[in-house]
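Before any comments, here is the structure.
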Amino acid sequence: MITYALLFAFGCFGIGLLFNLWRIATGPDTADRILALDTMVINIIALLILYGIWRGTAVYYEASMLIAMVGFVSTVAYCRFVLRGDIIE
Amino acid sequence: MSHWIIAPVVLPAVLAPIIAFVMRHDIGLARAASFAGTIALAAICIGLTVAAAGGETVSYELGNWPAPFGIVLVLDRLSAVMLLLTSMLALIVLVHAVATGWDARGRHFHALFQFQLMGICGAFLTGDAFNLFVFFEVLLIASYGLMIHGGGRVRLQAGLQYVVMNLAGSTLFLFALGTLYAATGTLNIADLAEKVRALPVEDAALVRSAAIMLMIVFAVKAALFPVQFWLPGTYSNAPAPVAALFAIMTKVGAYAIIRVHSVVFGPDVPVLAGLPGTWLMPAAIVTLAIGAIGVLGARRLMPLLSFSVVGSMGTMMIAVAAFTPEATSAALYYLVHSTFSAAALFLLADLVVSRRETGDLLKAQMPTVQNGLFAALFFAGAIGMAGMPPLSGFLGKLLILDAMRTTPEMTIAFVAILVGSLLTIVGFARAGSILFWKSTAMEPVEIDPAADAVDPEAPQAAGVLQVVPTFAALALLAGLAAFAGPVSAYLNAASGQLFDSSGYVEAVLGQDAEG
Amino acid sequence: MTNGGGLLPIIALLPFLGALIPGIMIRAGRNACAAFTAVPTIVALAMLATMTPQVMAGEVLTAQITWLPQLGLSASFFLDGLGLMFAFMILGVGLLITLYARFYLSGEDPMGQFYTYLLLFQGAMLGIVISDNILLLLIFWELTSLSSFLLIGYWKHLPEGRQGARMALAVTGSGGLAMIAGMLILGNIAGSYNLTDILQQGDAIRASDWYLPALILILLGAFTKSAQFPFHFWLPHAMAAPTPVSAYLHSATMVKAGVFLMARMWPVLAGTDAWFYIVSITGLVTMVLGALIALFKDDLKALLAFSTVSHLGLLTMLLGFGTEKAAIAAVFHIINHLTFKAALFMTAGIVDHETHTRDIKRLGGLAKFMPITALIGTVAALSMAGIPLFNGFLSKELMLEEAAHTAWYDNHWVVPALATLGALLSVAYSLRFIFHVFAGPARDDYPAKPHDPPFGMYAAPALLCVLVVLIGVMPALATPVVKMAANAVTGTELSFYLKIWHGVTPALIMSIIAVVGGAILLGLHRPLERVWNAAPRPEAKAIFDALMAAAVGLSTRVTEGLHNGAISRYLAIFVAATVAMTWVAFSGGTLSPSTREFLPVAPVAAIGWVLLMAATVLVVFNHRNRFRALVLIGIIGLMISGGFVYLSAPDLALTQISVETVTIMLLLLALHFLPKTTPSESSAGLRLRDGAIAIAAGVGVAALSMAFLMRDFDTISEYHLANSYEGGGGTNVVNVILVDFRGYDTFGEIIVLGIAGLTIFALMEALLNGPASRRLRNTDYSQDRSRDRHPLMMVVATRAMLPIAVMVGVYIFLRGHNQPGGGFVAGLVISIALLMQYMASGFGWTQTRQRFEYHSMIGWGVLVAGITGAAAWLGGAPFLTSIYGYIKLPWIEKFGLGSAFMFDLGVFLTVLGAVMLMLYSLSRIARYAGETVNIEPMDYDPSLKPELKKPEEG
Amino acid sequence: MELVTEILISFFLVVAGVFGLVGSLGMVKLKDTMQRLHAPTKATTVGVGGVLVASMLYFLLVKGTFSFHELLITLFLFLTAPISANFIAKTFIQGHLRAENLPASEGEYGWSIYDDPPTVDETTEENA
Amino acid sequence: MLKRIFPHPLLSLTLVVVWLALVNKVTPGNFVLAVLLGIAIPFLTAPYWPGRPIIKRPLRVIEYVFIVLWDIIVANFQVAAIILFRRNQNIRSQWVTVPLDLTSPEAITVLAGTITMTPGTVSAMLSADSSAILVHCLHTDDPEGVRDDIKKRYEWRLKEIFQ
Amino acid sequence: MELLVASSVGVLTAGGVYLILRLRAFPVILGLALLSYAVNIFLFSTGRLLVNAPPVLNKYGDAVNTDPLPQALVLTAIVISFGMTAVLVMIALGAFLEADHDKIDMTDEPEAEAMGEERGA
């Protein structure tokens, strides 16, 4: 049962990624793209953890943690660029 | 196992950060350290050259891991010669950089200089294909830093082009290494040599691709057609001592071709069927033509010198492309020669150009200070570069021609080299005549009434220390000619050792080769 | 290895060593300089004299010093009759020229330079004639080209001097290069580069297939040097040199080098039809043509120059005949020509020196003012004309005799007729020299008042004239010398006697015709000159100049067309060439059948693939909007990290995503100052081309990777997997490879990063101290911006996150050896954490709280790594050998500690330092962009200053 | 017991999947950028949260190892998601709205992207 | 002195927990290491923490966390419902200004975060003097209600915790 | 899976090549970034593809591990290309600030004066 649930979850987050891609491709606004990228990061984190469950190992955990941390930083950097131009002032 | 083998890498690698963070506010201290390091490096390299003269190929297993699994350094005559050449050149360039104050025109010159040496030495010593890539990158990134040393619009733009070209080259390098690894499962040069030779002929496609890609990568560094385009812009706009130091950089590419395409992809490898040589030869000839035509057609001095470097690479690579021990030995002699003659010319050009109002434009102007001295030096440098006697270029050319007599490409090689020489001679004669002779015909425009006051902007006479490096480089050329016999004997032995790839394999892999 | 020739190397070397003397002595005065310049010449002459008896006796003296045995090049010298004769000529005339030049050169000319060049030239010339090794001969040969270049261009302020020098260099240089090829081929045939060996193998060489190419190439060298048609044109232009130079190089020595070479090679190369026709035709044509032009030259030196061309043609023709008698005549004429022509040049120089003009039209009647000079000139000119009792007559008789017996393609009258014509013209111009310069009515419009020069100046030509007359009257005097040389040329023992009267021979008749005809021709000179001037004729210099200009122009166009500074084109060529060449290489081999199955594709992987593809394509199509492209690049990085995780490379995923982030921040920082969009510049055609190249490259790479992905292979990494734990003390094999198996790579890699940091810092310094900083100050980057710099929420969040992120970094660092992670990722994580702080609270505030200097961090990192590696030396192990051990603390479980840990620490420090230094340097620009720095951690802290409210609305 | 475990874990996984999907669907469906901002900030956090809970439960109940490092990711996400949303909102507002389009701040100062912060009496604007 | 070694005791504690979570294994060795790091890292990062956030009523924190968690779950269902079942033209989005009584930056941050995570609201921005939050409601007919809700449910509690 | 990886490498390469042939520095930088992605995947895939077999040894040593060597090489390559990119970005920025445009070609040779009149001869 867990297997099917996992597959379902994989499917959901995977399709979610495609939705995000659609938003990134079409925009229309910069904010939309950043938002879609941010969402994508979150979906990827979820997928990685799912993958960890699927394989029953914690080897991939650091990757998702790092992506969580780094995704935030890049989102903020993108936004700051649009807002202030200079991301470090 | 002597640890001295790694000294040429570790010494600058340790010295450079110390210069960077301890002495970065004190240029005097940095100069002293840099000098001390370079002199020590030269001493070590002399020692290694003497040690390698015995003919033993010494391998040094880093991290004490057996040969194909860890990284090895390999010292044979060829690498020893290249090291010696590097350290000599470095010393000359360093004196010039300090004497002319180039090193103080930007930050971190000495640290980058030492790193550059480290990269070059590492590339010459390594016995591992991927490690070669790493050290290529070390020397390249240091060269980027040196190239843009001091800044300025044109230099930055030229530096940008240089970096882009080399990044593209590095990318190709990785593609090539990947293909090679995918085909053979190893990275050690000796191991590759063995595996590539053992490869069944029906499985040749990957290795052939890798060999050609690697050749192109090295050709980028060696400035061979059709990837020579970056060189004139780079050398013309680099700070003079850096351009002089870059004289060795093209040789790194040539060295890599000599090493890799002799040991690993040598003419005796069945799957390749001599492919590298077949393609290198036309490339070298066209390179020579481009260089010679460039020398003849240059409007400025620095591009002229740059094209002469291109031409000299072409000349040298013609011999390399023959892939015979005799020709390689000749190529090595020419390599040593062209390094110093290029260095001499670039250093001299710096002294001249910085004193001319019109810069390096080939245009007559009022004779600058020390016109006669510079003219004489230029004459000597041009003789060296164009391959006229009595300097070593002529002997180098004769050696190459002599070695080419027995190859099928004899006629075309002869024509290319000789016609190329002619164009180079005429081009240099034109340039020298305009720069140094024609200027003497210029009448002083009018005497400034206030000429009594010394014009602070007026070019200063070059001090002894500023001229010494150029002299030294030229003296080395003369010495190279005078002692051509012993030098050539060493190089002959070096290329003999090089073409004995089974000896190389045995020295590196030893008894482990069975495992 | 010497055979009586021990002095030869010293003789060859003397002039070169002597070349240093003038430079030193010039300070002692002009007389001292000249005197000392003569010393090496005199010494060499003396040495030569000691060897003369042996050579006269038919011995060949040799000396050999090993130089470059690999090439077959040795410093070997030999002295035979021919060499000895030439050596005497070179040194003897050299001595005379030294004397003459002392008086000729004006006070403003740098005499030291002159003598230095002269001695260099003399040495080179001497080297040619005594070289036993053809490669050595080539070296001296080229040296004569170079030193004559310097001598011709001695008056560098004169454009004719510079141009003449360059023309001479170009022509003789190219000939020299051809000769190199010829000599190498010759050596190849003979199996040796030693002349003595080659001279033994004449028959074998003439029979070789390579004979003709070798002959032509060598003759090219000889003809250019000896100014043979059609290469004769450089010689008159070389007359821009000071007259001593002309007298030396262009009468006595250098131009004779070609003749010498032909004489030297005579036993080997002569005797074939090819030799006969090529050499004799060239010689005859040159002789007639040179004489014809000489007749109409108004410049004294030009007249002499073309007469020299003519005489050289004569010599060439004689050598071309290939008979022994012709060789004798040639040798004899070499001596005679030397004597009278050198004297004539010096005379011309005296005339020029005294009257300040060389234009024949402005001269005439000088005999009254300068009788001595006139006498000398007349004697020499009569000899040149071939008037009996002067030596020129004797050798010309011999020449005509030979010509009379020579047939071309069975035609028996062409050669004698043309030879006679040449002689006739020669008489005409010689007489013209006498009558139009010295004879005739005295004039009063000379540019300067002429009078005889001091003794020192006319001593040298006078001496030569004495020789002219002596030989002319008593040819027996010259017989031994001629015999000696001729023996050497022909390689056989000849017996003959030189005498004035041979009876009435065809030669005598031809001679008479020539003299009478010449006199008549001179009488008709004025009308003939009008015809000559009216006749169209190609001007060699104009052609040469046009050719050169065209060559230079073409080269410039080719070069600038090729190297036009367009890196985009360079790259296109690079990529296209790579794809094409790799394709050819690939398709030239075969592939074994595939051995691997396709790995099944998980749907999620497929989705990731779609995203990756789409993002890449979007980047390409959106690249003009730079910011958007950057956002899209973010997706690519994310997908690749995910892919790495999926394909069992967690370490790569960690590194990829963190590097990605830092890179993007870097690009954003830079983009702030760059234009935000890329204009559309390339044409549709160009885009199509680039697209085609790109697709080709993509398909190629994809095909290549498919090729190996479907095939198994054996790899050395089995060893790494097997030994990672036992030998390297870690379970994360990738990390163990990085810090242990291939720690040396990593060492290089962190150095790359360190250099990157330093370079960026250095560049920034240069920029901020240069004009760029002014531009930065004057550009307003602040339009349309949000007003909050350091938003409160962000500041608070990062404050909370910083310690946790640092903790994560430490964690990733510590576990790296056994689990995915390591120093590199840890360094990046901590830099990202710090960057977050910079972004939130700003550069100013964060920087003041920075405890460690980034430079030092890089330095320490590299040092720690290096010292860790070097520490292995203490144990006698190679660099980077790792030590590994377990430490057990009470009530805490054991943990492993190894030197690899220290190495990783070095990596960590370098990465942290380098990344921070890069971003620090970049963000420093902002300060110069006129932006103020807020030193408060956040824009406004409501809790600290609640009472501070804006006093009133503005 | 096993069944309960499986059901529990599966439940979390399915819920997580549904919310994750809905969050991303909102990205596509909603018509206005500010509206779209709502979808992922909420839905996906629960999506990821569900996955994390499932993971913890899985390792605890199936693998028998106590695992709570998933909490750290949760912590990160909860800490960062509002900030990201805040920034994205500001990005949008700055590009598309003017101060007049928004309700007044009802204080002395306007909204932070339009109005400079109060200057503190000490000099805040100087080079460090 | 103690303050220099332990600049932020609460932080040290948090870090110990974080470390144990990272290692995902509680052993004596790990604990010792955690404590060492828990001391070292605050010490190193102290310069970036100019002030100490004061939490006056730690117990209230727990209450607050649970309320928020519950609200998040509810919010998710609400938003999901809106996304899935409400037609786009029927969604009525509104801007709401929420004046603040809080002055502690930490408190304001937490409040803004809470607003973002809870039903249909996103905190878009603060006023320049941090005296008000601009909130965007995904769908509401009653802006004043939303504002009052926020003030009553969250701000009041936060005020007790932090001030 | 192999096809996916190979096509990814191909498309990234193609995109990268197209971008490095543009005339401005920034797209060239992007192109080089794409190329470095491509080459990283390429190099990585030389170890052949394997799912769920990270080269991390477990206590029992029974697991299948993928080839670790290419991964180590890629790590080195990533780091190096990061350093290179950083320098490139800086130089591009420097060139822009000095020249006031970010054209990457240097075809506008300023004041390219004709050679001296002694062009021929």
Side-chain angles (χ1 to χ4, degrees), chain D residues 15 18-19 22-23 25-27 29-32 34-35 37-39 41-47 49 59 65-72 75 78-90 92-94 97 101-118, chain E residues 14 17-18 20-26 65 68-69 72-73 75-84 86-89 91 93-100 109-139 143:
Chain D
V15 167
V18 168
F19 278 102
V22 168
L25 179 69
M27 291 284 301
K29 189 209 167 204
L30 296 173
K31 67 178 198 306
D32 172 58
M34 276 316 291
Q35 290 175 351
L37 189 55
H38 287 265
T41 45
K42 282 185 240 353
T44 49
T45 38
V46 160
F59 281 98
T65 53
F66 178 63
S67 165
F68 62 108
H69 60 195
E70 285 80 356
L71 282 178
L72 265 185
L75 181 68
F78 275 49
L79 209 53
T80 58
I83 316 285
S84 303
N86 180 254
F87 266 101
I88 295 170
K90 279 200 283 192
F92 173 78
I93 293 170
Q94 192 217 19
L97 301 174
N101 306 122
L102 295 173
S105 70
E106 297 173 18
E108 288 177 67
Y109 288 85
W111 299 113
S112 62
I113 67 169
Y114 302 116
D115 204 357
D116 281 323
Chain E
T14 319
V17 175
V18 166
L20 294 175
L22 279 169
V23 182
N24 210 10
K25 213 190 295 175
V26 184
V65 166
V68 170
L69 279 180
I72 287 174
I73 292 164
N76 269 287
F77 279 101
Q78 288 179 351
V79 171
I82 292 170
I83 290 172
L84 290 175
R86 196 171 277 269
R87 291 166 56 168
N88 276 350
Q89 56 267 42
I91 299 177
S93 298
Q94 300 263 7
W95 292 102
V96 178
T97 304
V98 181
L100 292 179
T109 307
V110 173
L111 177 65
T114 314
I115 291 170
T116 301
M117 305 303 268
T118 49
T121 49
V122 165
S123 55
M125 128 169 98
L126 294 175
S127 70
D129 60 352
S130 307
S131 64
I133 299 186
L134 180 66
V135 174
H136 183 260
C137 297
L138 180 58
H139 174 77

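Here is how names work: the chains are called A, B, and so on, in the same order as the sequence lines, proteins then strands, and each is numbered from 1. Everything numeric here is computed off the predicted structure, so don't read it as measured data.
In this structure, D:N101 and E:W95 approach most closely via the heavy-atom pair O-CD1, 4.5 Å. The minimum heavy-atom distance between E:I72 and D:F78, with the atom names listed, is CD1-CE2, 3.5 Å. Contact detail for D:K29 and E:I82: the closest heavy-atom pair is NZ-O, 3.8 Å.
With contacts defined as side-chain heavy-atom distances shorter than 4.5 Å, the pair D:P103/E:L134 qualifies. With contacts defined as side-chain heavy-atom distances shorter than 4.5 Å, the pair D:L37/E:H136 does not qualify. Side-chain contact check for E:T116 versus D:N86: every heavy-atom pair is 4.5 Å or farther apart.
A donor and an acceptor atom, one from each side chain of D:H38 and E:H139, are nowhere located under 3.5 Å apart.
Of the atoms belonging to E:L69, it is side-chain heavy atoms, and not backbone ones, that fall under 4.5 Å from chain D.
Here OG of E:S93 is found 6.5 Å from NZ of D:K31. Values are rounded to the nearest 0.5 Å. Taken to the nearest 0.5 Å, the CZ atom of E:R86 stands 12.0 Å off from the CG atom of D:L30. Taken to the nearest 0.5 Å, the CD1 atom of D:I83 stands 6.5 Å off from the OG1 atom of E:T109. A distance of 5.0 Å separates CG in D:L72 from CG in E:L22, rounded to the nearest 0.5 Å. Rounded to the nearest 0.5 Å, atoms OH (D:Y109) and OG (E:S127) are 10.0 Å apart.
The greatest number of non-hydrogen atom pairs below 4.5 Å with chain D, out of E:I91, E:N88, E:I133, E:V96, is found for E:N88. With chain E as the partner, the residue from D:A81, D:A85, D:A104 showing the most heavy-atom pairs under 4.5 Å is D:A104. With chain D as the partner, the residue from E:A128, E:A80, E:G113, E:A112 showing the most heavy-atom pairs under 4.5 Å is E:A128. Chain D forms the most heavy-atom pairs under 4.5 Å with one residue out of E:Q94, E:M125, E:Q89, and that residue is E:M125. Contact tally against chain D (heavy-atom pairs below 4.5 Å) for E:S130, E:A124, E:P99: the top residue is E:A124.
Between D:F19 and E:F77, the ring planes lie perpendicular to each other; the angle is over 60°, past the 30° to 60° tilted range.
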side-chain contact (heavy atoms from CB on, under 4.5 Å) for E:L84 and D:L25? Distances and angles first, verdict last. CA-CA 8 Å; E:L84 290 175; D:L25 179 69; 3.5 Å; yes
